[in-house]
Amino acid sequence: MLRFSRVLFLTGCILGSSGVACAQDATPPVTDQTTAQPKTTLPPNLEESPATPTLPEKPLYTVQVLAVNSAKISAPMGGRVTILPLRDGDSFKKGEMLVGFDCLLAKSQHAHAKAEVQKYKALVETQNNLRQLQSWSASDYRTTKADLAAAEADLGVTQATLSNCTVVAPFDGKVSEMPVHQDQFVTLGAPLISIVDPSELELSFLIPAKLLVNHPVGTHFHVTIDETGKSYEAVLTRVSGAADPVSRTIRVYGKIDTAQDGLFPGMTGDANF
């Protein structure tokens, strides 16, 4: 007799030759979801702490230090530079010579114009004497007077040319740039020298135009200059006449209230209100 056995896995029971055997259910019992779970305790250094609120940072605005008095002087005439007494960084006083030109031709023209004036003055005097003697010509008299006026006009032109032979300082200051050299020939309008007065400085920067409502002229603020690493107290002194419609900013100017030792035009930094 052929003997065989089958093993069936039905709902956790095994059917064999010796009978049916069922194993206990291996599924863990369902626990009550309402049972309190033990609280996990974190180490002291990992315990959660309440978040500290962060304050918004004050906006910073890039400022530039400017000289109240500064000038880029161009050549008032064409010619050869013969006198250049200063170099970059040298100091000067108001009225001192900055640049001198070779004006030999201008001096000769001025002397010729003076002689012409003297000549026509003598002719006019002669015409006046003839009038007194009733021996004169009205046409000659008018012509001589016109010639004298033309000669005096020419003399004024030569005097103006001579005044351009020397460039003098319009204020006390220092040389900040010297693009010309001794004996160099320059044309009319060519850059000669740049000068600044470092004794009186101001700040220039852009701010959003809407801030003018809360920060009018007279508002105090702080400024930190990068080159010196120092902070200064300043006050708004001027506002530009127009705002930029694209960036919605406007240029404002300020003045440092505290000592300005070590500051030079061109330095930059940050300002905040």
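Along the sequence shown, the residues carry numbers beginning at 1. Just so we're clear, the structure is a prediction, and the values are computed from it rather than from any experiment.
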Legend entry - Results of side chain to side chain donor-acceptor pair (under 3.5 Å) for Asp140 - residues two or more places apart only: none
Inset, instruction - Taking all heavy atoms of Gln184 and all of His181, pick out the closest pair and write down the distance. - result: OE1-N, 3.0 Å
Legend entry - Cluster overlap Leu66 with Leu206, hydrophobic side-chain contacts below 4.5 Å: no
Inset, instruction - Provide the closest heavy-atom pair for Ala67 versus Val196 in the form atom of the first, atom of the second, distance. - result: CB-CB, 4.1 Å
Inset, instruction - Tell me, please, which residues at least two apart from Ser139 pass side-chain contact (heavy atoms from CB on, under 4.5 Å). - result: Ser137, Arg142, Thr143
Legend entry - Partners passing side chain to side chain donor-acceptor pair (under 3.5 Å) against His220 (at least two apart in sequence or in another chain): none
Legend entry - Main-chain N/O of Val81 paired to Gln182 side chain as donor or acceptor, under 3.5 Å: no
Legend entry - Ser108 side-chain N/O to Leu104 backbone N/O, donor-acceptor pair under 3.5 Å: yes
Legend entry - Residue list, side chain to side chain donor-acceptor pair (under 3.5 Å) with Thr224, at least two apart or on another chain: Ser231
Inset, instruction - Starting from Leu203, walk the hydrophobic network (Ile, Leu, Val, Met, Phe, Trp, Tyr; side-chain heavy atoms closer than 4.5 Å) and list everyone else you reach, by chain and number. - result: Tyr61, Val63, Val65, Leu201, Phe205, Ile207, Leu211, Leu212, Val217, Phe221, Val223, Ile225, Tyr232, Leu236, Val239, Ile250, Val252, Ile256, Leu263, Phe264, Met267, Phe273
Inset, instruction - Just grab all the salt bridge (charged side-chain N to carboxylate O under 4.0 Å, His left out) pairs involving residues 60-88, residues at least two apart or on different chains. - result: Arg80-Asp102, Arg80-Asp183
Inset, instruction - Using atom types as modelled and distance alone, determine if a side-chain donor or acceptor of Thr161 lies under 3.5 Å from a backbone N or O of Val157. - result: yes
Inset, instruction - Keeping to residues at least two apart or across chains, list the salt bridge (charged side-chain N to carboxylate O under 4.0 Å, His left out) pairs with something in residues 189-207. - result: Glu202-Arg238
Legend entry - CA sep, side-chain torsions, deciding dist, call: Val235, Thr219, side chain to side chain contact (heavy atoms under 4.5 Å, CB included): CA-CA 6 Å; Val235 60; Thr219 301; over 6 Å; no
Inset, instruction - Verify the cluster assignment for Met77 and Leu162: are they in a single hydrophobic cluster under the rule of side-chain heavy atoms below 4.5 Å apart? - result: no
Inset, instruction - Evaluate salt bridge (Lys or Arg N to Asp or Glu O under 4.0 Å) for Lys119 paired with Glu116, printing each intermediate quantity in order. - result: CA-CA 5 Å; Lys119 179 181 74 173; Glu116 288 290 306; 3.5 Å; yes
Legend entry - Interatomic distance, Ile193 atom CD1 to Leu98 atom CG [nearest 0.5 angstrom]: 5.0 Å
Inset, instruction - Begin from the C-alpha positions of Leu86 and Leu84 and carry the test side chain to side chain contact (heavy atoms under 4.5 Å, CB included) through to its verdict. - result: CA-CA 6 Å; Leu86 302 175; Leu84 205 62; over 6 Å; no
Legend entry - ring pair (Phe, Tyr, Trp, His ring centres under 6.0 Å) pairs, two or more places apart, involving residues 99-128: none
Inset, instruction - State whether the number of non-hydrogen atoms from other residues, nucleotides or ligands found under 6.0 Å of Glu125 atom CD is greater than 12. - result: no
Inset, instruction - Kindly give the cluster partners of Val246, where membership spreads through any ILVMFWY side chain lying under 4.5 Å from a current member. - result: none
Inset, instruction - With sequence neighbours left out, write down each residue that passes side-chain contact (heavy atoms from CB on, under 4.5 Å) with Ser247, or none if nothing qualifies. - result: Asp244, Thr249
Show every donor-acceptor pair shorter than 3.5 Å between a side-chain atom in residues 165-177 and any protein atom, with sequence neighbours excluded, or say none if there are none.
from: Asp172; atom 1: OD1; to: Lys94; atom 2: N; distance (Å): 2.6
from: Ser176; atom 1: OG; to: Ser194; atom 2: O; distance (Å): 3.1

Legend entry - Heavy-atom side-chain proximity of Asn128 to Arg131 below 4.5 angstrom: yes
Legend entry - Residues Glu233, His222; criterion side chain to side chain contact (heavy atoms under 4.5 Å, CB included); working and verdict: CA-CA 5 Å; Glu233 297 290 335; His222 301 276; 2.7 Å; yes
Inset, instruction - Can you see which heavy atom on Pro179 is nearest to which on Pro191, and at what distance? - result: CG-O, 3.7 Å
Compile the donor-acceptor pairs under 3.5 Å between side chains in residues 145-153 and protein atoms, sequence neighbours left out, one pair per line.
none

